[in-house]
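Per chain, numbering begins at 1; letters A, B, ... match sequence-line order.
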Amino acid sequence: MRKSLKILIAGVVVGVFSLSFFAGASFSLTGREIMEKMDANPEPEGSEGKLVMRLISKTGSVRERTLQSYSKIKNDLEKRYVKFIKPADVAGTSFLTLEQPEGSDLQYLYLPVLHKVMRIEAGKKKGSFMGSDFSYKDMESINIDEWKYKLLKEEKYEGMLCYVVESTPATEKVKKETGYSKKISWIDSKNFLVHKVEFYDELGNLLKILTLKEYKLFSGKYWIAQKMVMKNVQTGHTTELIFEGMKVNVKIPSLYFTPRYLMRGE
Amino acid sequence: MYKLARIVSRYPHVIVACIVILTIFFAFQFRYIKMETDVTKQIPPIPEKKYLDKIKDIFGTTGEYVIIGIVAPPGKDIFNQATLKKIRTISREADSLTGVDDVISPTEMDYIKGTEWGIEVNPVLGDRIPQSYQEMQQYKKRIMDNKIFEGIVSKDGRAASIMVSLNEKADKAALAKKIEKIAREEEGPEKIYIGGKTVVDSSLGELMMRDLTYLIPLILLVIVIILYLNFRTFMGVLLPLTTVAISTVWAIGGMSLLKIPLSIVTFILPILLMAVGTAYGIHILNRYYELSDRKSKAKMVEATLTKVGNAVLVAGLTTIAGFSSLAVSEMKGLRTFGLLSAFGIGAALCFSLLFIPSLIMFLPARLPDKKKKKSHLSPDDIGYLSSFLGKLGEGIYRKKIAVLFIAGAITLFFVAGIPLLSTESNPLLFFPSNNPYRVAEDVLNRYFMGTTPLQVIIKTPHPDGIKEPRVLKAMDGLENYVKSLPYVGGVTSINNFVKSINKALHQDKENFYVIPNTRQEVAQYLLLYSMSADPKDFEKFVNNDFQMANIMIFLKSGHTAKIKKVISDINSYVKKNFPSEVEVKVTGEGFLFPIINTLLVNTFIRSIILSLVLVFVISAVIFRSLKAGLFSLIPISIAILINFGVMGWFKIPLNIGTVAIAAIAVGIGIDYAVHFVSRLQAESANQSVLQALVTTTRTTGKAIFYNAVTVSAGFLVLMASSIKWYQFMGGLMSLVMVISATGALTILPATMIITRSRLMERKDSYVRDKY
């Protein structure tokens, strides 16, 4: 699997970054070097926890979805099991993703109404993830070579010295696929963690602002944001992703990551 | 007027310099001029329009597409490598453009298929275009058997459409041009047709620009001819021509200064200003030539202005009043058009009163003596026309009852046509019927879903309410009903997905192409789809909290009346068949045309009333008599009635252009009556009614005749436009001018004599000495 910034499918956001080798030192780095450092932060070998997704409309009404998730990384390949708890009409639906060394991932979905496990073809998805302000593309791994980087400036952001890096799509194809003409990221100079990202739409207008909050240190080396807020400035809609009771590197039985187990989840 | 005359004769240089500088200033504003051909932009922010804008934000679409139709040559269909390759090339190249949101095409779309594992959502055509006969037949079967391709590929397989949706914030006109270019490159032997509102609007803009490039020279030529026939001198042509040219430059310059785009309404402004403005210059110069025996130039200019200034001023003011009455329209384009025209006419008026006399003063040489070529307007002139008009006056006096009877009969005949008057706001119908875009619309409407979009928005009281089967079933019922209505070419909604998934999950059995019975099924099917394919597919049809749904309807006709019928049918169906807590609203781009129609009718009624009131007040003040004010309204009222009667009989619809005719016509046409009444009044002071009438028809009557001919000829130029509604407008305006002039010469005196108006005995008037 690629070394990449992982904001994983099904919302298990493993925004995982380690203590940096350069604790706080500010050398003159290029935009690309900063992104590589961020990308090089270590990731845990698995995690479990509850994920609450809060969809907040422009007028302030809130809808909640709750998912239970388990993941395990072995040989750089991730296995992930996710079960829907809320809302009621999809409760019991569960989902398994098995990353493959070659080709597209294997994905299985269990639908209680059909009592049936189905295999899903992971197609090209541009749309919104479960009605949230995150698109499937936002959730996917980012290939560092697909973007070009430029260090715009260094500035204080919430008390931290941050690099402000602009990423632009390296090709027209990337721009069309992600729908972004530009991203601007605030990355702190101490741990190389992302704190804020601005997304610009194809026509160059500011579209969304992502903020990553409540970074928590796990096992003394993994920094994981416990709350992510994506605000669509064009629609006024906001999505919050909140982890509850996250644990890393826990032993999860291999059985969890089999299609057969999906049916038992009910 | 005398004071003004003194100023002009003393400071001609200053006046000329000021005007020249201002003209240059206004001419420089031309480069900022913009085009705005989208007729729906004329709608003020009324609730319906705001609602549509909100819907546009929520669903990201109004069903407005650039539609490309590819039609195979006779005897062939699109299922061959060469044609499919073309469809693919156009689809993919269009999709790669920045600002293109989505492309629906038979080579790029996904389709839902049931498998033993669940469902698969795959491209209907892989990256490889079928090579073998068998592969091609399989692809053809996939397309022809699947409901989602209905309206995208024609039933006979001969034609395929590519529907490109554009981002609301992009420069849609420019994108439409790029897409058209991409498509045109693939033309032959297949025929390519391009349509949709964006395309229509942008090509309308081009057509208008092209029209202006020949209409302006044409009207200048017409004016030159008229002026030459009238004066037969170089100066006689040059001075009024300069005047109208300058006032047009001012109006257009002012327009771009105020960032007002050249719209389908303001388009006629230059033509109109030139046609109307020329008359003022003619009056001034005529009088000047009549007086050309006076000693000094200054004296002559002063005398001209004192004598004729008031009359020209009054004529200008009534015209300004007529145009200004359009300010009551709720439609921005008509409002600005009315005010800009009023400004332009005001400018033309000022120039006629200031610039022409100043120039006369300014020019070193005297104007050529015109003593030998008598002006048409001098009272002692015995021309054919004058003697005819004199006889006409006499005839009217003797047969006054017959005149009124005939006029009444003619008017009644046309009034009977008024109930037949229709309204039409779809700009497409203003293209000539052989225009390529008009042809394209017809072809696209014949083979595919249709080019006029409507939307039905369903709103439930709570989030996720759309997933309730009873809501979906109510929607499904509505969709089936709508499909059965005439002119409906296609209906799509979230139900297409729900039903297709249900069917795919049940061994593709046709009897599962229905809405499932439980909310859990609906929710989980949709979740399955969003994980198997692109959930962006839903964004057009449901909002992100599933509280609202959007049913897209495509109509095969853009006729406003037909759209209206479909809307009212939908509304009455909804009333009977929908759960009461569900809110259902019809909107969409097509919905705006009926709204524009309502606004048009409002404008129509308000502007006619206001313009009649305004000119009544002006003429009542001039004559210091309410009765005289009323008399002056007679010819123009008849002219307007006949105009709308003609439109009714000949099925010329009321639209954003023709709606303005009445207000304009009142403002211009009233002058004829005012001139006529004031002259008749003056002449009656010292001779019999018959003599006074004959003198009036011979002198003022002739002036009115020339004025009407000038203005009509100007408007007739519009008939050379390639756009239908300008042709209508030109023809109708000319007709109205001719009728109101004729009415002023016939019906007006007949009425005055029959009612034994005391007006004829009055001796004081502001405008007695006009002619």
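One finds the CG atom of B/Leu528 at 13.5 Å from the OH atom of A/Tyr110 (value rounded to the nearest 0.5 Å). Note that OG of A/Ser61 is 12.0 Å distant from NE2 of B/His462, once rounded to the nearest 0.5 Å. To the nearest 0.5 Å, atom OH of residue B/Tyr525 and atom CG of residue A/Leu111 are 8.0 Å apart.
Residue contact with chain B, scored on non-hydrogen atoms closer than 4.5 Å, involves the side chain of A/Thr93 exclusively. Proximity to chain B (any heavy atom under 4.5 Å) is shown, for A/Leu55, by neither the backbone nor the side chain. For chain A, the nearby parts of B/Asp545 are the backbone and the side chain; heavy atoms of each come within less than 4.5 Å. Neither the backbone nor the side chain of B/Asp537 comes within contact range of chain A; no heavy atom of the residue lies under 4.5 Å from a heavy atom of that chain.
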side-chain contact (heavy atoms from CB on, under 4.5 Å) for A/Lys176 and B/Asp95? Distances and angles first, verdict last. CA-CA 9 Å; A/Lys176 204 71 203 178; B/Asp95 197 24; 4.1 Å; yes
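Closest heavy-atom contact between A/Glu202 and B/Val100: OE2-O, 4.4 Å. Considering every non-hydrogen atom in both A/Ala91 and B/Gln524, the closest pair reads O-NE2, 4.5 Å. The two atoms that bring A/Lys175 and B/Thr98 nearest to each other are NZ-OG1, 3.5 Å, heavy atoms only. Closest non-hydrogen pair, B/Glu521 versus A/Val113, comes out as N-CG1, 3.6 Å. In this structure, A/Leu203 and B/Ala170 approach most closely via the heavy-atom pair CD1-N, 3.8 Å.
Residues satisfying the salt bridge (charged side-chain N to carboxylate O under 4.0 Å, His left out) criterion with B/Lys177, sequence neighbours excluded, are B/Glu180, B/Glu206. Evaluation of the salt bridge (charged side-chain N to carboxylate O under 4.0 Å, His left out) rule for A/Glu244 yields no partner, not counting sequence neighbours.
In terms of modelled atom types and a separation under 3.5 Å, the side chain of B/Lys467 and the main chain of A/Asp89 share no donor-acceptor contact.
For the pair B/Ser96 and A/Glu172, the minimum side-chain heavy-atom distance is 4.5 Å or more. Two residues are said to be in side-chain contact when any heavy atoms from C-beta on lie closer than 4.5 Å; A/Met118 and B/Leu505 meet this criterion.
For B/Arg470, the CZ atom is loosely surrounded, since the number of other residues' heavy atoms within 6.0 Å does not exceed 12. For A/Lys79, the NZ atom sits in a loose shell: 12 or fewer heavy atoms of surrounding residues, nucleotides or ligands are nearer than 6.0 Å. For A/Lys116, the NZ atom is densely surrounded, since the number of other residues' heavy atoms within 6.0 Å is greater than 12.
For A/Arg65 and B/Asp464, the salt-bridge test passes: some basic side-chain N is under 4.0 Å from an acidic carboxylate O.
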